[in-house]
Amino acid sequence: MTIFQFPNDFKWGTATAAYQIEGAAKEGGRGPSIWDTFSHTPGRVYNGDNGDVACDSYHRYEEDIELMKELGINTYRFSISWPRIIPDGDGEINREGLDYYHRFVDKLLEAGIEPFCTLYHWDLPQALQDVGGWENRRSIDAFVKFSEVMYREFDGKIKYWLTFNEPWCIAFLSNVIGVHAPGKQDLQAALDVAHHVLVAHGKSVSKFRELGVDGKIGIAPNVAWAVPYSKSEEDKGAADRNIQVYSDWFLDPIYKGSYPKPLYDWFEQSGHVPPIQEGDMEAIAQPIDHIGINYYSMSVNKFNPNGGYLQMEEVDMGLTKTDIGWPVESRGLYDVIHYLQKYGNIDIYITENGACINDDVVNGKVNDTRRISYLQQHIAQIHRVIADGINLKGYMAWSLMDNFEWAEGYRMRFGLVHVDYRSLKRTPKESFYWYQNVVKNNWMETRK
Ligand SMILES: CCOCCOc1ccc(-c2cn(C[C@@H]3NC[C@@H](O)[C@H]3O)nn2)cc1
C-alpha cells in the first residue's frame, strides 16, 4: 500500500460554473447571455439541451452546500453570471443579482468553505455580443466595470479570484473550431478575442490592485499536453503548437509581456496577427498571484496540412478513454505543470480535473469506479509535483455535480454527485465517498 500525504494547508475542493448549474435563466433580473442564445439555436447543442433550468442551483444552492459540507471540502470554485450583475453588459447594475451571490457566499462562509470565484466562465451578456462581443474593444471596459462591481461588493468575503476561465476555449474553441458560443470559424476573430480578453484580464487585475482588495487574483488557462507522434520536425512542431496555443499564447503576454514568437509567426504566415494597440502589452503584463490549471487529458500529435488552424491531428494510440472520448493519461498533468515552471515557481491550483463517466443510478447507487481510478491516478501526479518542490496549492475536482456540459448538453456527466434532470434529485456517487475520504485524511492510499 502507498500513502500520499498532502501539506496541511492544501486546498481540497470542487468546481462548477454559473451557466452549467444555476438555471433560473430569466429570474432575478438576469439578462440573456451568449450561451442562452447559442443553446437555443437548433443544432448547436446535443438534443437541444440548454441552461434554462440546469441543476436549478439558483434555488437549490443551500442543498448543494450541504453536499459540500458532507464531502468535507474546504474550497469551492464557482463562477459569477455577468448577466445577473449587469444584464446588458455595461449598463445598470442589478441589485437582485448581487444579493443572490451575497446569500450564496455567506452560506459558503458559514459552512467554513473558502469561496474561489471565477468572474468569467463564458456567459458574456448577449447585448455585448450584439455589438461584436470580445471582438469589440468595448467588452474590455465592460468587463473591467463588471469586475470592479464584484471587487467592491465582495472584498472581505471572497479572497481567491480568477478573471477568466479557459481563454483558449473563449478564443479558439468558440471562434475557430466553432463548437462553443458564439460559434464562429474565423482565425482573425479568435486572435482578436484572445487579445481583448488578455487586455481585459490585465486591466481588471490593475483595478483589483488599485482598490486594494484583500485577496489574490489570477487566471485559469486550460492546458494541453502533447507529444509528437514521431521524431520528425514536422510532428514536433505540431505538438509544440498544440501546447503553446492553450498556455503560452496567454501566459507569455502575462508573464513576459509578449506573444510566443513561434506561434505568433505561425499565425502571421497566414496573414493573421493580434490587434495590438499602444499600451496593450503593458496593460496585460500585470503581476498575478496564482494560476488555475484545468487538465483533462493529453494527446499524441502528428503534422497534417489539412489539420485545421494548427495543421495538427491527434493520433488515437488506443489508450483507455472516458465517455466523452478523451484518453486517460495522467502523466500529462505532471509534465505540463513542470513545463509551466518556465514562468517561475508560481502558485498553482488545479482548478479543474475530472472524468466524464456516464454511469447511472442503479438501486440508489452510482458505482463509478472508473472515475475513482481516474481521480486516483491524477491526484498521485499532484503528489509527485508537490514532492518536486512545486507550489501546487490545491485541487478542485470537476465537478461537484453533473451539469450542462456545453455543446454536449446533459448527456456527458462529470459530477461526483449524480443529477436526475427530471426530478433534480442529487445522488452522491461512489467517487463522492472516495474523494470524501481523501479530503478527510488529507492523504490518499493506493493498494500497491
Ligand atoms: C470537432 C472538434 O471538437 C473539438 C472539441 O474541443 C473541445 C475541447 C475542449 C473541451 C473542454 C471541455 N471541458 C470541460 C469544461 N471545462 C470548463 C468547464 O466548464 C467544463 O465543463 N474542458 N475542455 C470541449 C471541446
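All figures in this text were calculated on a predicted structure; none of them were measured in a lab. Whatever order the structure lists them in is the order used to number ligands and atoms, beginning at 1.
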*Do the side-chain N and O atoms of Q244 and D240 include a donor-acceptor pair separated by under 3.5 angstrom?*
no
*Please determine if W168 has a nitrogen or oxygen closer than 3.5 Å to a nitrogen or oxygen of ligand 1.*
no
*Should E408 be listed as contacting ligand 1, given a heavy-atom distance under 4.0 Å as the test?*
no
*Any K216 side-chain heavy atom under 4.5 Å of W161 side chain*: no
_For the 3.5 Å polar cut-off, considering only N or O atoms, please tell me whether Y246 and ligand 1 meet it._
no
*Shortest protein contact, atom 7 (C) of ligand 1 (heavy atom only)*: L173 CD1, 3.6 Å
*atom 19 (O) of ligand 1: which protein heavy atom is closest, and how many Å away?*
Q20 OE1, 2.6 Å
*Do any nitrogen or oxygen atoms of N222 come within less than 3.5 Å of a nitrogen or oxygen of ligand 1?*
no
_Looking at K342 and D248, is there a salt bridge between them, counting it only when a charged N and a carboxylate O are closer than 4.0 Å?_
yes
*If you measure from atom 10 (C) of ligand 1 to every heavy atom of W326, Y295, W398, W406, which option wins on shortest distance?*
W326
*If you have a sec, work out which protein heavy atom is nearest atom 16 (N) of ligand 1 and how many Å separate them, to one decimal?*
E352 OE1, 2.8 Å
*Are E352 and Y296 linked by a side-chain donor-acceptor pair shorter than 3.5 Å?*
yes
*Measure the distance from atom 21 (O) of ligand 1 to every protein heavy atom, then report the residue, atom name and distance (to 0.1 Å) of the closest one.*
E405 OE1, 2.7 Å
*Assess the side chains of Q126 and T37: does a donor N or O sit below 3.5 Å from an acceptor N or O?*
yes
*Quick one: pull up OG1 in T320 and OH in Y374 and give me the separation to the nearest 0.5 Å.*
12.5 Å
*Would you mind checking which non-hydrogen protein atom is closest to atom 2 (C) of ligand 1, with the distance to 0.1 Å?*
I177 CG2, 3.9 Å
*Contacting atoms of ligand 1, where contact means under 4.0 angstrom from a heavy atom of E166*: 16 (N), 17 (C), 22 (N)
*Would you mind finding which of N403, N294, T351, V179 brings a heavy atom closest to atom 1 (C) of ligand 1?*
V179
*asked:* Test side-chain hydrogen bond (donor to acceptor under 3.5 Å, both in side chains) on T118 and S79; report intermediate values, then the result.
replied: CA-CA 4 Å; T118 308; S79 82; over 6 Å; no
*Looking only at side chains, do Y120 and W134 share a donor and an acceptor under 3.5 Å apart?*
yes
_Can you report which non-hydrogen protein atom sits closest to atom 22 (N) of ligand 1, along with the distance?_
Y296 CE1, 3.7 Å
*Numbering the atoms of ligand 1 from 1, which are under 4.0 Å from a heavy atom of N165?*
17 (C)
_With a 6.0 Å cut-off on the ring centroids, do Y19 and H121 count as close?_
no
